[in-house]
Amino acid sequence: MIFGVRYVTTATSMKRKKHHTEKSRIIGLLVVSFLRSRLLHRTLIIAISASLLLLFALFSLFAPSPVNEINLQTQNNDQVRSRFEVPAGGGRCRRDLWSSMHSRLFYGCSNAGVNFAKANVKTNPDRYLLIATSGGLNQQRTGIVDAVVAAYLLNATLVVPELDHTSFWKDTSNFSELFDTDWFITFLRNDVRIVKELPDMGGNFVAPYTVRVPRKCTPKCYEDRVLPVLVRKRAVRLTKFDYRLANMLDEDLQRLRCRVNYHALRFTDSIQGMGKLLVERMKMKGKHFIALHLRFEPDMLAFSGCYYGGGEKEKKELGEIRKRWKNLHASNPEKVRRHGRCPLTPEEVGLMLRALGFGSEVNLYVASGEIYGGQETLAPLKALFPNFHSKETIATKEELAPFVSFSSRMAALDFIVCEESDVFVTNNNGNMAKILAGRRRYLGHKATIRPNAKKLNMLFMNRNNRTWEEFASRVRTFQVGFMGEPNELRPGSGEFTENPSACICQNSGGGGISYPQNHNNITEFEEQQEWYDVVDNKLNANGTKIDSLPLLMNTDQLAEVQEFFSD
């Protein structure tokens, strides 16, 4: 029994040893397998790393250096720039640059209608209307035109308007020193009775009662606000009279506006004579000439909030000027420029003209005040158009002496040259630009170019990424509808001074100016051929907001600041 037990125990012990041996063997095999796989993995990693190092070494050996790559990119950019080579000539153009297409089919017509009551029938002898205009030359001109219509509406005698002597322009000229007063009174005698001064009424002087009407006042507005006072007081003086009459009136009243603006308002003989002399000297320099109202003065740029890349110096200088207007918001130059509210630079104007087809031989007359940046700013424009002129370069100091101390008289000289130019180019949409655009439409649709700044902006900024041919083609495309062609503007759209549609007639056989028939006994009339801050007066129904200017002002403050930049 004992031996049996020992046997069993010994057998059991042998089984356990065998089991442990097999287990250890398996574990050993696993360990060896793991070590082999790890060695293989490490060897694989080493091989891959060595391969990558070898490839990197080869790439470094044969690949161009970063400096070379930058130089290559620069060369590519230079090649693109080199393709933007502005030609000296204007190239071939599909149209006549110096005239408007189809202009012969349209003519100015401002005759009074058969039912338009004449002054001797409708004027009340006990009503006198006095007007105090506001602003510079062209802003005051709009006030004078509307004053005549207001007197007609009120059946009143108009006293020759007073001009503004206290505004920024600081011009002491009175009406008779700018305009031919006798011609003004005589020409309009069938429409409105006009006198040079307020007479004594019944032997007694009557002091006029002062009234200010709201801007864009309608005929009903005048009937309700002014007429009752005029009936009681006999004489009423309307102050700050600029844009105080509605833009939209019936056709007879609009045509009266045209008779005043395009025929009755004539500059004095001295201004006319000097202006015609300037025009003659420009015409002697070549067959055609362009007149450019550049409008790139510091005040204009500061008010607009535009930025032209002059760094901190420009921001500081224009920022100081901008502080004059405490109600201006901080500007967003990129947004302002993107919306087309920034004047083009002189260089951009020159590039636009060259793209349209005007070559370097063209004579360019520039009407402008002090240019921001001076001669440095003008240099690119002069390089594009070397035949660069102004009233100061084509007239002597002695010839300009009677005018140089009076801003309105100097502006009148520029007005005459721009009016008589073969092509007029405006760089803003102020009073002078609008009045001249309207006059040139009325007197034969003479070519008038307005930059499509909203479209041209991005084109100018990216011009070095295009060839000249691509750039010029885009400019010509963007300027369609901005070249002064007949019917560019829808009848009734915009300011009447710019788009006098009620005074433009169409004749399939062509035609010339249809002069008012009720004045053809004035022989001088047949010889006379007379003819605009940045933004349109887009007032809402309450008259308290201009959506194109960043302002928070009351209506009169807003108008005063806005119109400051319009002449």
Side-chain angles (χ1 to χ4, degrees), residues 100 102-113 116 137-150 152-153 184 187-188 191-192 216 218-219 242-266 293 415-416 418-421 424 426 429-450 481-507 510-519 525 528-532 536-537 566:
S100 298
H102 312 302
S103 60
R104 294 183 180 180
L105 302 180
F106 299 86
Y107 59 98
C109 50
S110 58
N111 291 329
F116 191 76
L137 172 67
N138 296 291
Q139 184 178 339
Q140 292 186 100
R141 188 183 189 104
T142 61
I144 295 167
V145 171
D146 287 348
V148 173
V149 180
Y152 183 88
L153 290 170
F184 178 71
F187 187 89
L188 293 171
D191 297 315
V192 173
K216 307 297 182 181
T218 64
D242 57 339
Y243 296 97
R244 303 289 166 172
L245 182 62
N247 185 53
M248 298 297 292
L249 299 172
D250 66 47
E251 184 175 289
D252 277 332
L253 295 177
Q254 298 289 50
R255 289 196 168 193
L256 176 56
R257 272 177 163 163
C258 293
R259 292 197 291 279
V260 181
N261 199 3
Y262 306 144
H263 302 294
L265 275 178
R266 185 167 70 179
H293 188 215
F415 187 97
I416 293 171
C418 291
E419 172 190 341
E420 296 294 336
S421 63
F424 172 60
T426 173
N429 204 29
N431 284 320
M432 180 171 173
K434 288 185 177 181
I435 290 174
L436 280 167
R439 290 175 73 84
R440 290 171 69 91
R441 283 190 174 93
Y442 180 82
L443 294 177
H445 281 88
K446 299 175 74 173
T448 302
I449 300 174
R450 298 172 296 136
F482 291 81
M483 300 293 287
E485 295 293 343
N487 292 334
E488 274 187 354
L489 300 178
R490 178 173 49 82
S493 65
E495 293 290 336
F496 186 74
T497 52
E498 180 182 18
N499 182 25
S501 54
C503 304
I504 305 294
C505 295
Q506 185 170 359
N507 184 340
I513 303 302
S514 174
Y515 295 113
Q517 295 172 355
N518 57 332
H519 301 96
F525 181 75
Q528 70 94 19
Q529 292 282 328
E530 273 201 88
W531 14 335
Y532 92 11
D536 290 326
N537 295 324
S566 296

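Starting from 1, each residue takes its place in the sequence as its number.
In this structure, the separation between CZ on R255 and CG on D191 is 12.5 Å, given to the nearest 0.5 Å. Here the CG atom belonging to L253 is positioned 7.0 Å from the OH atom belonging to Y152, to the nearest 0.5 angstrom. Note that CG of N111 is 11.0 Å distant from CG of D252, once rounded to the nearest 0.5 Å. With values rounded to the nearest 0.5 angstrom, I504 atom CD1 is found 9.5 Å from S110 atom OG.
Within the 3.5 Å criterion, the main-chain N or O of M248 finds no donor-acceptor partner in the side chain of K216. Between the R440 side chain and the S421 main chain, a donor and an acceptor come within less than 3.5 Å of each other. Proximity of a side-chain donor or acceptor of E488 to a complementary backbone N or O of G484 within less than 3.5 Å is detected. One N or O on the side chain of Q254 and one on the backbone of N247 form a donor-acceptor pair closer than 3.5 Å.
Within the 4.5 Å cutoff, the side chain of V148 has heavy atoms near those of the L256 side chain. Side-chain contact between Y107 and N507 is present, with at least one heavy-atom pair separated by less than 4.5 Å.
Heavy-atom minimum distance, T497 versus P500: O-CD, 4.3 Å. Taking both residues in full, the closest heavy atoms of G481 and R450 are given as O-NH2, 3.3 Å, listed atom of the first, atom of the second, then distance. Nearest heavy-atom pair across S501 and G492 is OG-N, 3.3 Å. Here the shortest heavy-atom pairing between L249 and L245 reads CD1-CD2, 3.8 Å. Closest heavy-atom contact between Y442 and C109: CE1-N, 3.5 Å. Closest of all the heavy-atom pairs between V149 and R257 is CG2-CG, 3.7 Å.
Classification of the F424-H293 ring pair by plane angle, with boundaries at 30° and 60°, yields parallel.
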Go through V260 and F187 one step at a time and tell me if the side-chain contact (heavy atoms from CB on, under 4.5 Å) criterion holds. CA-CA 9 Å; V260 181; F187 187 89; over 6 Å; no
Could you walk me through whether L436 and T426 satisfy the side-chain contact (heavy atoms from CB on, under 4.5 Å) test, starting with their C-alpha distance in whole Å, then the side-chain angles of each, then the deciding distance to 0.1 Å, before giving a yes or no? CA-CA 9 Å; L436 280 167; T426 173; over 6 Å; no
Under the criterion side-chain contact (heavy atoms from CB on, under 4.5 Å), I'd like the reasoning laid out for E420 against K446: C-alpha separation, chi angles, the key distance, then a yes or no. CA-CA 9 Å; E420 296 294 336; K446 299 175 74 173; 4.2 Å; yes
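Cysteines C503 and C258: SG-SG separation is under 2.5 Å.
Donor-acceptor pairing under 3.5 Å is lacking for the side chains of R441 and N499.
Geometrically, R259 engages F116 in a cation-pi contact, judged by NZ or CZ lying under 6.0 Å from the ring centre and within 45° of the ring axis.
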